[in-house]
Amino acid sequence: MPEYSDETLQSTPVYIDEALQTWLRARPPLTFIDVSNRDDEVLLALARALFFASLGTEEKQATRVALVWHPDGARGLAAAEQPSTSPPREHLWDVLQLARRDFNIPALIKAAPLAEYGHSLLVVGGPADKLRIDGIAKRRPFTSSRTLPLLLGTDSPGSVTIAHAGNELFRYERGRRLPPGLSLLSGPASTALKTFVVPLHLNHLRFFRSPVGDTFQQLAVAMNRTGHGGLLLFLPTRLSTADSHALKLPVRNRTVLRDLLKEALRLDSALRKLEVASPLTVTAERSALFFDLETTLAELARWHHFIGRLTAIDNAVLLGPGFTILGAQYEVPSKSKYGDVYEVLDPEDRTKDIPYDMRRHGSRHRAAATFVAGGKGRIALLSSADGPLRCFVNEGGRILMWTVRLLDF
């Protein structure tokens, strides 16, 4: 966990260039495609344009857009391949190449609606003094994080975020640089998930860039996209009679998500075994496995959307062991009580946890805390219509909470 002591993290506002340059001086080498392609001038130009574009509107809509840069623009990004896959290598991105247009603030505001925020990105290419917009891209599912470039986005007026492989590296918002948001899969959540996913019969517990970790995070993203606020509750034990009575909208095909996850994990494991056994050999079996995995992951993504939308109605969506979909409109029993809640500042160091005053929030926060207080290993994801995502976990009987800024690009 980094320390935040430089001048960009104090209360005095700083300009985007100053904040970014201070961060770049303090950071180890960063990559767009690899270390040799690092270009700080490009990064500054992109971030500066994003900041000013975020203050503009198109058809009365605020600018919300994410960018991916490649030295050769859309054509270069379309040719990017998985480095570990033997020929024929798999491409990392689906790219729609467009006629080039100059990259500037008015053009960025105008082009932003072409890339739906949270689903696709504008592609920018060229050197810092000749940047151009020439494509729209969407990353293919389940690509290796080692192959990902830096992504930049703005989700609200006056904000700029730089991220890599789902991790927030830099956040500038309304004149100040903020500490990077904690990951949704931080230590306490990963510990709780180990119990929750037992029915999936995992041979190894790997959450980052896995179907399990992606499902956990994408359910939160889908909930957040509703704009209504909501609750996703993860119950690691069987449904009790009291819980069953509190569930107003049960789901009949409860195992559809769990079955898809099992299939994705099976295919992923089989592919990895083939790569280890014969990394330079391409077979019909290997090609078929990869096709089946991509198809299964695409179907999983559709179910993430369906389940996330269920949170738009009152009360909570309840999921059982192994991502069993129990139902929606679950009302947390009010007779349960919760004790002290602690905010996590460093996911790896419990000594840095601080008491959190729940009186600052309303019934949804109290319901999340009450639910996780009901048993070890419980998890609650809370989305507010006008605030950040929060994760609540019961770790050994202690209620932990931390704030997450979802990287919806």
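Computed from heavy atoms alone, side chains included, the values below leave out hydrogens, waters and symmetry copies.
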Anything under 3.5 Å between a donor and an acceptor, one on a side chain of residues 41-51, the other on a protein residue two or more places apart or in another chain? List them.
unit_1, atom_1, unit_2, atom_2, d
Arg48, NE, Asp17, OD1, 3.1
Arg48, NE, Asp17, OD2, 3.2
Arg48, NH2, Asp17, OD2, 2.7

Query raised in the report: Given side chains that start at C-beta, do those of Trp69 and Leu151 come closer than 4.5 Å, heavy atoms only?
Result: no

Report task. Please list, chain by chain and in numerical order, all residues satisfying side-chain contact (heavy atoms from CB on, under 4.5 Å) with Ala246, sequence neighbours excluded. Result -> Tyr330

Requested in this report: Return the set of residues passing side-chain hydrogen bond (donor to acceptor under 3.5 Å, both in side chains) with Lys110 (not counting sequence neighbours), or none when no residue passes.
Outcome: Glu58

Report summary line: CD1 (Ile325) and CG (Asn253) are apart, to the nearest 0.5 Å, by 6.5 Å

Requested in this report: Mind jotting down which residue pairs meet the ring-ring contact (aromatic ring centres under 6.0 Å, His included) criterion with at least one end in residues 218-244? Sequence neighbours excluded, please.
Outcome: Phe196-Phe234, Phe216-Phe234

Query raised in the report: Is any side-chain heavy atom of Leu381 less than 4.5 Å from a side-chain heavy atom of Leu184?
Result: yes

Report task. Could you tell me the separation between the CD atom of Glu285 and the CG atom of Leu274, rounded to the nearest 0.5 Å? Result -> 5.0 Å

**Report entry** Spacing of Ile162 atom CD1 and Leu169 atom CG [to the nearest 0.5 Å]
**Finding:** 7.5 Å

Query raised in the report: Does Thr311 reach the main-chain N or O of Leu231 with its side chain, forming a donor-acceptor pair under 3.5 Å?
Result: no

Report task. Compare all side-chain heavy atoms of Leu326 with those of Pro250 and state whether any distance is below 4.5 angstrom. Result -> no

Query raised in the report: Please walk me through it: do Phe290 and Leu267 pass side chain to side chain contact (heavy atoms under 4.5 Å, CB included)?
Result: CA-CA 8 Å; Phe290 193 89; Leu267 293 167; over 6 Å; no

**Report entry** Heavy-atom closest pair, residues Ile16 and Tyr172
**Finding:** N-OH, 3.3 Å

Query - Smallest separation among heavy atoms of Ser54 and Gly158, with atom names - result: OG-N, 2.8 Å

Report task. Keeping to residues at least two apart or across chains, list the side-chain hydrogen bond (donor to acceptor under 3.5 Å, both in side chains) pairs with something in residues 296-308. Result -> Thr215-His304

Query raised in the report: Okay, side chain of Arg378, backbone of Thr237: is any donor-acceptor separation there less than 3.5 Å?
Result: no

Report task. Identify the two heavy atoms, one from Ala369 and one from Met358, that lie closest to each other, and give their separation to 0.1 Å. Result -> CB-CE, 3.9 Å

Query raised in the report: So do the side chains of Ser159 and Arg171 get within less than 4.5 Å of each other, counting heavy atoms only?
Result: yes

Query - Any donor-acceptor N/O pair, Asn394 side chain to Val372 backbone, under 3.5 Å - result: yes

Query - Arg254 vs Thr324, side-chain hydrogen bond (donor to acceptor under 3.5 Å, both in side chains): CA-CA, chis, key distance, verdict - result: CA-CA 5 Å; Arg254 291 182 170 186; Thr324 302; over 6 Å; no

Report summary line: Ala74 meets the side-chain contact (heavy atoms from CB on, under 4.5 Å) criterion, sequence neighbours left out, with Val95, Gln97, Val123, Asp134

Query - Side-chain donor or acceptor of Ser120 paired with backbone N/O of Glu116 under 3.5 Å - result: yes

Query raised in the report: Looking only at atom types and distance, does a side-chain atom of Thr63 sit under 3.5 Å from a main-chain N or O of Ala53, one as donor and one as acceptor?
Result: yes

Report task. Identify, with sequence neighbours excluded, every residue that meets side-chain hydrogen bond (donor to acceptor under 3.5 Å, both in side chains) alongside Thr241. Result -> none

Query raised in the report: Between Tyr15 and Phe52, what is the ring plane arrangement, given parallel below 30°, perpendicular above 60°, and tilted in between?
Result: tilted

Report task. Quick one: list whatever passes side-chain hydrogen bond (donor to acceptor under 3.5 Å, both in side chains) with Arg266, sequence neighbours left out. Result -> Glu263

Query raised in the report: In Å, rounded to the nearest 0.5 Å, how long is the span from CD1 of Ile136 to CG of Leu121?
Result: 10.5 Å

Requested in this report: Would you check if Asp214 and Leu297 make a side-chain contact, meaning some heavy-atom pair closer than 4.5 Å?
Outcome: no

Query raised in the report: Is there a side-chain contact between Met401 and Val344, using heavy atoms and a 4.5 Å cut-off?
Result: no

Report task. Determine which pairs satisfy salt bridge (Lys or Arg N to Asp or Glu O under 4.0 Å) with at least one residue from residues 308-325, sequence neighbours left out, and list them in order. Result -> none

Query raised in the report: Are the side chains of Trp93 and Pro149 in touch, meaning some heavy atoms are under 4.5 Å apart?
Result: yes

Query raised in the report: Step by step, would you call Leu67 with Phe103 a side chain to side chain contact (heavy atoms under 4.5 Å, CB included)?
Result: CA-CA 11 Å; Leu67 310 176; Phe103 178 85; 4.2 Å; yes

Query raised in the report: Shortest non-hydrogen contact from Cys391 to Ile379?
Result: SG-CG2, 4.0 Å

Report task. Look up atom CG in Leu319 and atom CG in Leu233, then write down how far apart they are to the nearest 0.5 Å. Result -> 8.5 Å

Report summary line: Correct closest heavy-atom pair for Ala137 and Leu77 would be CB-CD2, 3.6 Å

Query raised in the report: Are His361 and Tyr356 linked by a side-chain donor-acceptor pair shorter than 3.5 Å?
Result: yes

Requested in this report: To the nearest 0.5 angstrom, please state how far the CG atom of Leu122 sits from the CZ atom of Arg101.
Outcome: 9.0 Å

Report task. Answer with yes or no whether the side chains of His365 and Arg390 bring together a donor and an acceptor at under 3.5 Å. Result -> yes

Query - Nearest heavy-atom neighbours spanning Leu382 and Ala368 - result: CD1-CB, 4.1 Å

Query raised in the report: Thr255: what forms a side-chain hydrogen bond (donor to acceptor under 3.5 Å, both in side chains) with it, not counting sequence neighbours?
Result: Asp259

**Report entry** Test log, rule side chain to side chain contact (heavy atoms under 4.5 Å, CB included), inputs Met223 and Leu232
**Finding:** CA-CA 8 Å; Met223 173 175 64; Leu232 276 168; 3.9 Å; yes

Report task. Would you list the pairs meeting salt bridge (Lys or Arg N to Asp or Glu O under 4.0 Å) in which at least one residue belongs to residues 237-246, sequence neighbours left out? Result -> none

Requested in this report: Apply side chain to side chain contact (heavy atoms under 4.5 Å, CB included) to Ile399 and Tyr342, showing your working.
Outcome: CA-CA 6 Å; Ile399 302 175; Tyr342 294 87; over 6 Å; no

Query raised in the report: Is there a side-chain contact between Gln329 and Leu247 (heavy atoms, below 4.5 Å)?
Result: no

**Report entry** Residue pairs involving residues 353-367 (criterion salt bridge (Lys or Arg N to Asp or Glu O under 4.0 Å); sequence neighbours excluded)
**Finding:** Arg350-Asp353, Asp353-Arg398, Asp357-Arg359

